[in-house]
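Reviewing the structure listed below.
Everything numeric in this text was worked out from a predicted model, so none of it was measured. Throughout, a chain's letter reflects where its sequence line sits, starting with A, and its residues are numbered from 1.
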Amino acid sequence: MPEPESQLIRARLDSLTRIRARGVDPYPHRVDRTHTTAEALACLESLERQGVDAASGGCVSVAGRIMQLRGMGKATFLDIQDGQGRIQALLRRNLLQESYQGIRDLDIGDWLGVTGPLMRTRTGEPTVEVRQWKLLSKSLRPLPEKWHGLADVETRYRRRYLDLISNEDARRIAALRSRVVASLRRMMDARGFIEVETPMLVSVPAGGTARPFSTHYRALNRDLFLRIATELYLKRLVIGGLEKVYEIGRIFRNEGVDLTHNPEFTTMESYEAFADYNDVMRMVEELTHGIAVEVTGSPLVMVEGETVDLTPPWTRRTLRDEIRDRSGIDFLNCPDVESLGAEMKRIGLEVGRQVSWGGLLDKLLSDTVEPHLTQPIFLMDYPVEMSPLAKKRPDDGRLVERFEGFAAGMEICNAFTELNDPVDQRERMERQEALNLQYRDEEMDRLDEDFLVALEHGMPPTGGLGVGIDRLVMLFTGQRSIREVVLFPQLRDA
RNA sequence: GGGCCGGUAGCUCAGUCUGGCAGAGCAUCGGACUUUUAAUCCGAGUGUCCUGGGUUCGAAUCCCAGCCGGCUCACCA
């Protein structure tokens, strides 16, 4: 029950009472809609092109939310918004007779169905000249203001429905996100990948470096974690002979919230037998370009005033060259924590005490390189310390065949030639566990015995990929904050 | 976690510096108006000024603590 003390709500409850007193159901079960607002507009234009009198041929029923009400005495204009757009409706007393009285109890925010011929007013506004109308759902609370809309960021995130009602941009982003996912799925399917679903509740939160959410399963009296990645389960499927698999799904990381991080986010991971990271690179640039063209109509996206061109081929550079050019530091010449830390301090970076070598390099990358990567680029060949699941380069065991794709200063994907040597994999996971003990404040990957057993059965040479869907949507919509592309972002309790 | 900024009517915001009746527009309520469209015109009511303390004759305003949000730094893929 809404607070009855609110004058605005009380007025609407009074309307509700009057509507019921007339024997009208303010929440009827169905409506016969013949046209969306967009279809009605198209219909009017088509009739006009054919020179047909719209009033005779263009009777439509549209339904939507009342966004504006302009009462003129014996005529009332209202703007009806549905999922496709808006259209004006004109209600006139001489056409509606006794039912005209009832519009006194309509408010902005109510859902309404109107039926009548299409016409244009003197000013040329496409309009439904209403012959019949029906209240579809009475709204008891006022909407945000018509001109400025809803601006308060907190309310926009907490009550996204109000954001969607008032802000065209919010609707656009939600729809675009859906089309990005649909497009990606279609392209993966077309490439012969099969879509799979793997567990979200796992006993070992492995496959990435992240602090997990933990929970408890009562029936089996087991502690479980929410997955931090889909990687190791997808590889089990490749071992099982599903040669091209992918999963689009939510993963969970028990970490902070900022412009590019939300604790639950969506990834697309794919694994392709008999491919290596060069094949995956080509796939990433083709997919990204393909989605951009399909969804936005152009390979160019605008991010903070800069044009990002996603047309393949993207620049390919080694991580070593890129870091050396940006910072003057060659990480291969700094093979331990002391030397790398000293070099980083020399160029003015703050370095914590208890930080692993991989942790240092990660900071070096994100501070000196990442912000400059506006145009799409693949950084290749990461140090083995940072990449416990990637295969070493045949020519240099200090590096692995791994790349990350960047655009608009954001990391948008991570991929490698997958490590399929079970002995090497076991050693790497053991190394991660050792680092976990050594650097208590840092997250490392974990040893997953069940996965190692699977790997010992033999995994074919495989190219794997992980794409951040949220960041991809940020890229295509030019948004700076992940909260703008996640409908219900994580917030503190109000 | 640190720094900076913000929280006032349903919404968008003034007012805070320099303490003195709680404000505007939209929305709402009453009235006029049959082609308006940020409709217009006449009239009316808005409220936990984020919360709790304190200073003061008097606090939205000053001080302290806290809550929530934004940005940023740190942390973190």
Side-chain angles (χ1 to χ4, degrees), chain A residues 2-3 5-12 14-15 67-80 86-96 100 104 107-109 119-127 129 139-159 162-163 165-167 207-211 228-229 251 253-263 265 267 349-352 354-355 358-359 362-363 365-367 370 386-387 404 406 410-414 441-445 466 468 470-471 480-483 489 491-494:
Chain A
E3 315 87 64
E5 68 271 16
S6 160
Q7 172 221 341
L8 297 164
I9 292 175
R10 210 180 324 115
R12 286 167 181 243
D14 290 347
S15 292
M67 296 303 290
Q68 288 197 48
L69 258 170
R70 293 177 294 279
M72 308 272 306
K74 297 185 185 68
T76 298
F77 293 89
L78 43 83
D79 296 344
I80 291 176
R86 281 191 192 191
I87 195 166
Q88 176 172 267
L90 167 59
L91 298 98
R92 302 172 67 196
R93 195 172 73 171
N94 60 337
L95 292 176
L96 294 170
Y100 189 79
R104 277 171 41 86
D107 287 291
I108 290 172
M119 58 164 286
R120 282 188 193 271
T121 61
R122 270 179 211 151
T123 52
E125 180 75 18
T127 301
E129 194 180 56
S139 162
L140 299 182
R141 289 178 184 269
L143 285 181
E145 194 224 12
K146 63 184 173 189
W147 190 242
H148 301 92
L150 180 63
D152 182 67
V153 177
E154 189 172 354
T155 309
R156 289 185 44 235
Y157 297 160
R158 286 191 197 280
R159 305 171 69 190
L162 292 179
D163 191 29
I165 292 168
S166 336
N167 296 322
T209 54
R211 189 165 285 123
I228 59 167
I251 66 175
R253 298 190 173 185
N254 202 340
E255 281 152 9
V257 170
D258 67 22
L259 280 183
T260 53
H261 296 87
N262 194 60
F265 60 103
T267 60
L349 292 178
E350 277 186 40
V351 176
Q354 265 291 94
V355 183
D362 194 36
K363 180 176 173 57
L365 171 61
S366 40
D367 281 12
E370 211 171 307
M386 301 173 74
S387 318
E404 293 187 310
F406 296 85
M410 276 185 302
E411 179 206 329
I412 57 173
C413 70
N414 180 22
D441 294 341
E442 238 176 289
E443 287 298 317
M444 301 292 169
D445 207 343
D470 310 87
R471 291 183 185 177
R480 221 170 87 75
S481 170
I482 195 171
R483 295 186 198 90
L491 297 174
R492 237 177 268 266
D493 281 349

For [X], answer base if it contacts any base atom (sugar-phosphate contacts may also be present), sugar-phosphate if it contacts only those atoms, and nothing otherwise; contact means non-hydrogen atoms under 4.0 Å.
X: A/Gly149; answer: sugar-phosphate
X: A/Leu259; answer: sugar-phosphate
X: A/Glu145; answer: base
X: A/Leu365; answer: base
X: A/Glu370; answer: nothing
X: A/Asp258; answer: base
X: A/Thr260; answer: nothing
X: A/Arg12; answer: nothing
X: A/Asn94; answer: base
X: A/Arg86; answer: nothing

Between [options], which nucleotide gets closest to the side-chain atoms of [X]?
X: A/Trp147; options: B/A38, B/C71, B/G69; value: B/A38
X: A/Ala11; options: B/C68, B/U36, B/C29; value: B/C29
X: A/Ile108; options: B/A27, B/A77, B/C33; value: B/A27
X: A/Glu129; options: B/U35, B/C68, B/U28; value: B/U35

Determine whether a donor-acceptor pair (one donor, one acceptor, N or O, separation below 3.5 Å) exists between the side chain of [X] and the base of [N].
X: A/Asn414; N: B/A77; value: no
X: A/Arg93; N: B/U34; value: no
X: A/Gln88; N: B/U36; value: yes
X: A/Arg70; N: B/U36; value: yes

d(CZ, A/Arg156; P, B/U12) in whole Å: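 Going from A/Arg156 (CZ) to B/U12 (P), I get 11 Å.
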
If B/U51 has a Watson-Crick or G-U wobble mate with both distances under 3.5 Å, name it; if not, just say none.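 B/A65 is the nucleotide pairing with B/U51.
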
CZ/A/Arg93: more than 12 non-hydrogen atoms of other groups inside 6.0 Å: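 No, because the 6.0 Å sphere around CZ of A/Arg93 holds 12 heavy atoms or fewer from other groups.
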
Could you tell me whether a side-chain N or O of A/Arg480 sits under 3.5 Å from a main-chain N or O of A/Leu259, the two making a donor and an acceptor?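 Flag not set: sc A/Arg480 to bb A/Leu259 has no pair under 3.5 Å.
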
In whole Å, measure the gap between the C1' atoms of B/A60 and B/G52 for me.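 Per the computed distance, 16 Å lies between those C1' atoms.
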
Could you tell me how far B/C50 sits from B/G6 if I compare only their P atoms? Round to whole Å.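 Pairwise P distance, B/G6 against B/C50, rounds to 13 Å.
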
Looking at A/Lys363, does any N or O in its side chain come under 4.0 Å of the phosphate oxygens OP1/OP2 on B/C76?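 Looking at the OP1 and OP2 atoms of B/C76, neither is under 4.0 Å from any side-chain N or O of A/Lys363.
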
Would you tell me if any nitrogen or oxygen in the side chain of A/Lys146 comes within less than 4.0 Å of OP1 or OP2 on B/C11?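 Indeed not, no polar side-chain atom of A/Lys146 lies that close.
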
In terms of the nearest nucleotide of RNA chain B, which residue is placed more toward the 5' end: A/Pro142 or A/Ala75?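 On the 5' side of the pair lies A/Pro142.
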
Worked check of side-chain contact (heavy atoms from CB on, under 4.5 Å) between A/Ile412 and A/Phe406: CA-CA 6 Å; A/Ile412 57 173; A/Phe406 296 85; over 6 Å; no

